[in-house]
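Note: hydrogens, waters and symmetry copies are ignored here, and every other heavy atom, side chains too, is used.
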There are 2 protein chains.
Amino acid sequence: MAFTARSQESRAAILAAARRRFAADGYERATVRAIAADAGIDPSMVIRYYGSKEGLFAAAVDVDLRLPDPAAVPADRLGEVFVRHFLGLWEGEGPGEVLTVLLRAAVTNEGAAERMRAVFASQVAAALGSSTEDGPTRAALVASQLLGVALCRYILRLPPIVALDVETLVADLAPTVQRYIGAPLA
Amino acid sequence: MAFTARSQESRAAILAAARRRFAADGYERATVRAIAADAGIDPSMVIRYYGSKEGLFAAAVDVDLRLPDPAAVPADRLGEVFVRHFLGLWEGEGPGEVLTVLLRAAVTNEGAAERMRAVFASQVAAALGSSTEDGPTRAALVASQLLGVALCRYILRLPPIVALDVETLVADLAPTVQRYIGAPLA
DNA sequence: GGCGTTTGCCAACAGTTGTTGGCCTACACT
DNA sequence: AGTGTAGGCCAACAACTGTTGGCAAACGCC
């Protein structure tokens, strides 16, 4: 039952193929057989190593946003820093794939949605909303704008948003996020 | 082949059940059999009336945003008006369901994503971006914020966003949309 | 009232899904 | 060198998918 060093290579290949397929096709369309074929291995091994398709999915969406510490940046540049960091995650090969998997799945799968809420609470809200009373609300407004761009740019591929380069996008979105973090709310 | 008055009732029942199922489960999980059962009818009739599952889906996501005419409202209240109108659509029983169907499906189904882009281009961009050069970009930024809230509030059900009442949400989001529509961009 | 069209159901199809058990091979340890 | 254990593949399973064809009944029209 315990994993040995010899099998690590296969496990990693399966996990990489799973992330690629889950990201490209979503949870339901991504089949165990296709993932196994991409990894050059038998479908039954996937089940043997990860228990079930759901277990494989859980292993594939282990995400760490590595958010910067708000105390470490000037207060008036928090918006810019957060937007740039977030877009950097999505543009990156590895983390962007994991985030695509998570968002795609969270939209149609309640378990994945729960995981998304957990990521928000333990990472986003924790980083932005520890101090003030309305912190969680501010963090959620930030999330709504950032997830919205991610949705339009990387999932729906809305042409005008895809056409913008990252720095322009940062410049356009930073004031919004800055206001959600700092300015008084209604 | 042509539809008669007698079958209209069944057609409507199927369409209503389809919207409910597609909204709740997404395109892939919603089965023709389940939709037929909800409508109290045989699965084969669904295919007979709508040709295929995809045809049924296409009929279920025929959406009209009924966006207000920007020329008819004061320029400095455009943001508020658009946010309120958009949230009103989602809160409404009928259109909210159709929008849920469309967004849920567009995230995992390329055909639905294409339909979403078409809705954006023909309705949102047409309403907001007919005048200026960077109109489509501004319209897309608006869409990113509005789709982001919809995602967090109605799909992912992020607690802090769900907790806000509509008017508070309007007050918080209106300045953002107002800036995307009117203020100079980078 | 008789006839053709339409509504609707039943049964079945062909394909795909996640998952399981059995068997052979190759490594690791003594 | 011998043996136990883990890696890996093949074949098969049971369930479920969208879809099709055939047949009974109800309707509309003359």
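Atom CD of B/Glu54 has 12 or fewer neighbouring heavy atoms from other residues, nucleotides or ligands inside a 6.0 Å radius.
Using a 4.0 Å heavy-atom criterion, one finds that A/Ala30 contacts the sugar-phosphate atoms exclusively.
When atom types are taken as modelled, the side chain of B/Arg117 and the backbone of A/Leu156 share a donor-acceptor pair closer than 3.5 angstrom. B/Arg153 places a side-chain N or O within donor-acceptor distance of the main-chain N or O of B/Ile161, the cut-off being under 3.5 Å. Looking at B/Arg84, its side chain never comes within 3.5 Å of a backbone N or O of B/Val166 through a donor-acceptor pair.
Taking atom CD1 on B/Ile35 and atom C1' on D/dT17, their separation rounds to 13 Å, with Å as the unit. D/dG18 atom P lies 7 Å from atom CZ of B/Arg33, rounded to whole Å. At whole-Å resolution of the value, CD in B/Glu9 and P in C/dG8 are 9 Å apart. Remark: C1' of C/dG18 and CZ of A/Arg29 are 18 Å apart, rounded to the nearest angstrom.
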### Task
Using the side-chain hydrogen bond (donor to acceptor under 3.5 Å, both in side chains) rule, take A/Arg29 and B/Thr108 through it: C-alpha gap first, then chi angles, then the decisive distance, then the call.
CA-CA 8 Å; A/Arg29 291 182 114 101; B/Thr108 49; 5.4 Å; no

### Task
Determine, step by step, whether B/Val142 and B/Arg138 satisfy the side chain to side chain contact (heavy atoms under 4.5 Å, CB included) criterion, reporting the C-alpha distance in whole Å, the side-chain angles of both residues, the deciding distance to 0.1 Å, and the verdict.
CA-CA 6 Å; B/Val142 171; B/Arg138 293 176 181 277; 5.6 Å; no

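In this structure, A/Thr31 does not reach the C/dT16 phosphate: none of its side-chain N or O atoms is under 4.0 Å from OP1 or OP2.
Residues of residues 41-59 of chain B that place a heavy atom closer than 4.0 Å to DNA chain C, in numerical order, are B/Ile41, B/Asp42, B/Ser44, B/Met45, B/Arg48, B/Tyr49.
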